[in-house]
Structure formats: C-alpha cells, structure tokens
Amino acid sequence: MGCLGNLLWFVLGGFWMGLGWLLAGILWCITIIGIPIGTQCFKLAGLAFFPFGKEVEYGGGAGSFLLNIIWMIVSGIPLALESLLIGLVFCVTIIGIPFGLQCFKLAKLALMPFGTNVRG
C-alpha cells in the first residue's frame with residue numbers, strides 16, 4: 001500500500017505540499033543564518049512528497065524549542081494551515097481519509113519540525 005499510496009498522494013496533492021516546503025526552504029536559505037532551517041525544510045519536503053510508510057518521532061531540547069518558536073511565527077503557521085485545509089477536504093470522503101490523516105501528520109510537523117526524526 002505504501003508505494004501505491006505515495007503515488008496517489010503525489011498526484012492528488014503531495015506535489016503542491018512538497019513545493020510549499022521547498023519554497024520555505026529556499027526563502028530560509030537566502031540568509032546565512034537561516035541555512036540550518038532551510039536544510040530542515042528540504043528534508044521535510046521529501047516527507048511531504050511521499051509520506052506513506054514513514055513515521056515521525058518528536059524529541060529535542062532547548063535549542064529545538066527556540067527554533068520551533070521562531071519557525072512557527074515565520075513559516076510554520078501558513079504550512080500548517082495548508083496541510084489542515086487540504087486534510088479536511090480529503091476527509092470529506094471515506095476513500096480520502098488515509099490521505100487526510102497524512103495531511104494532519106504534516107500539519108503537526110509544520111508547527112514543530114525541529115527535534116524530529118523521520119523513520120521509514
């Protein structure tokens with residue numbers, strides 16, 4: 001199901017969600033200070049393109065907490081709202097519920113991307 005789910009996901013909305021993460025990463029990488037944040041965006045763009053079969057583990061310390069606060073103010077809220085709205089649209093139908101759940105996973109990740117590990 002992972003391969004088929006990822007293919008359908010990419011065609012039905014994952015492409016645009018991944019582009020949102022890539023755009024955020026490019027904007028962060030314009031400044032030298034934002035390069036670590038931009039590289040994290042690029043890593044998470046891969047998850048946004050193909051999320052099925054991958055799990056997210058949350059953790060981190062004080063540095064991750066501070067970066068998450070800065071991230072949430074500057075870029076996190078728009079990406080989280082995008083994922084939340086697309087997830088709600090997917091959940092209107094029974095067939096779209098697995099895709100909606102992946103959107104909700106990405107919405108949570110959009111609010112707190114630092115200190116996370118993606119397994120899969």
Side-chain angles (χ1 to χ4, degrees):
M1 175 62 188
C3 185
L4 179 62
N6 280 328
L7 180 65
L8 287 172
W9 169 266
F10 187 78
V11 172
L12 296 176
F15 176 74
W16 297 109
M17 293 180 76
L19 282 181
W21 281 97
L22 286 176
L23 177 66
I26 290 169
L27 291 175
W28 275 103
C29 284
I30 290 174
T31 65
I32 293 175
I33 296 172
I35 289 175
I37 298 172
T39 56
Q40 183 73 4
C41 289
F42 296 142
K43 291 177 193 175
L44 297 177
L47 177 68
F49 282 131
F50 304 109
F52 284 94
K54 297 180 183 172
E55 293 183 22
V56 179
E57 294 177 351
Y58 293 94
S64 297
F65 177 73
L66 292 174
L67 280 174
N68 279 330
I69 290 176
I70 294 168
W71 165 262
M72 190 181 307
I73 293 169
V74 177
S75 300
I77 293 175
L79 286 170
L81 286 176
E82 173 195 24
S83 297
L84 183 67
L85 291 176
I86 293 172
L88 289 174
V89 170
F90 274 132
C91 285
V92 169
T93 64
I94 293 174
I95 296 171
I97 290 176
F99 297 105
L101 294 176
Q102 295 301 319
C103 287
F104 298 146
K105 176 172 74 173
L106 289 170
K108 182 179 177 184
L109 188 62
L111 291 176
M112 298 179 298
F114 298 98
T116 60
N117 292 322
V118 178
R119 291 186 312 154

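Just so you know, these numbers use all the heavy atoms, side chains as well, and skip hydrogens, waters and symmetry mates. Predicted model, so just to flag it, every value in this text is computed and none were measured.
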Test item: W28 side-chain N/O and T39 main-chain N/O as donor-acceptor pair under 3.5 Å: no

Donor-acceptor contact present, side-chain N117 to main-chain E57, <3.5 Å: no

Where Q40 and T116 come nearest, the two heavy atoms and their spacing: NE2-OG1, 3.8 Å

Shared hydrophobic cluster, I37 / L23 (ILVMFWY, side-chain heavy atoms < 4.5 Å): no

Within one Ile-Leu-Val-Met-Phe-Trp-Tyr cluster: M112 and L101, side-chain cutoff 4.5 Å: no

Side-chain heavy-atom pair L8, F52 within 4.5 angstrom cut-off: no

Parallel, tilted or perpendicular: ring planes of F15 versus F10, cut at 30 and 60 degrees: perpendicular

Shortest non-hydrogen contact between C29 and F42, atoms and distance: SG-CE1, 3.8 Å

Taking distance alone, no hydrogens or angles, what donor-acceptor pairs closer than 3.5 Å link side-chain atoms of residues 80-98 to residues at least two apart or in another chain?
from, atom 1, to, atom 2, distance (Å)
S83, OG, L79, O, 3.2
T93, OG1, G96, N, 3.2

Single-linkage hydrophobic cluster, 4.5 Å side-chain cutoff, L12 and L4 together: yes

Atom pair CD1 (I26) and CD1 (I30), whose distance is rounded to the nearest 0.5 Å: 8.5 Å

For the student: nearest non-hydrogen atoms of P51 and N6, plus distance: N-OD1, 3.3 Å

Donor-acceptor pair, side chain of W71 and main chain of A110, under 3.5 angstrom: yes

Non-hydrogen side-chain atoms of W9 and C103 separated by less than 4.5 Å: yes

Hydrophobic cluster membership, Y58 vs V118, 4.5 Å side-chain cutoff: yes

same_hphob_cluster(L27, L22) at 4.5 Å side-chain heavy-atom cutoff: no

Inter- and intrachain pairs under salt bridge (charged side-chain N to carboxylate O under 4.0 Å, His left out), touching residues 33-48, at least two apart: none

Considering all heavy atoms, the nearest W21-L109 contact: CH2-O, 4.2 Å

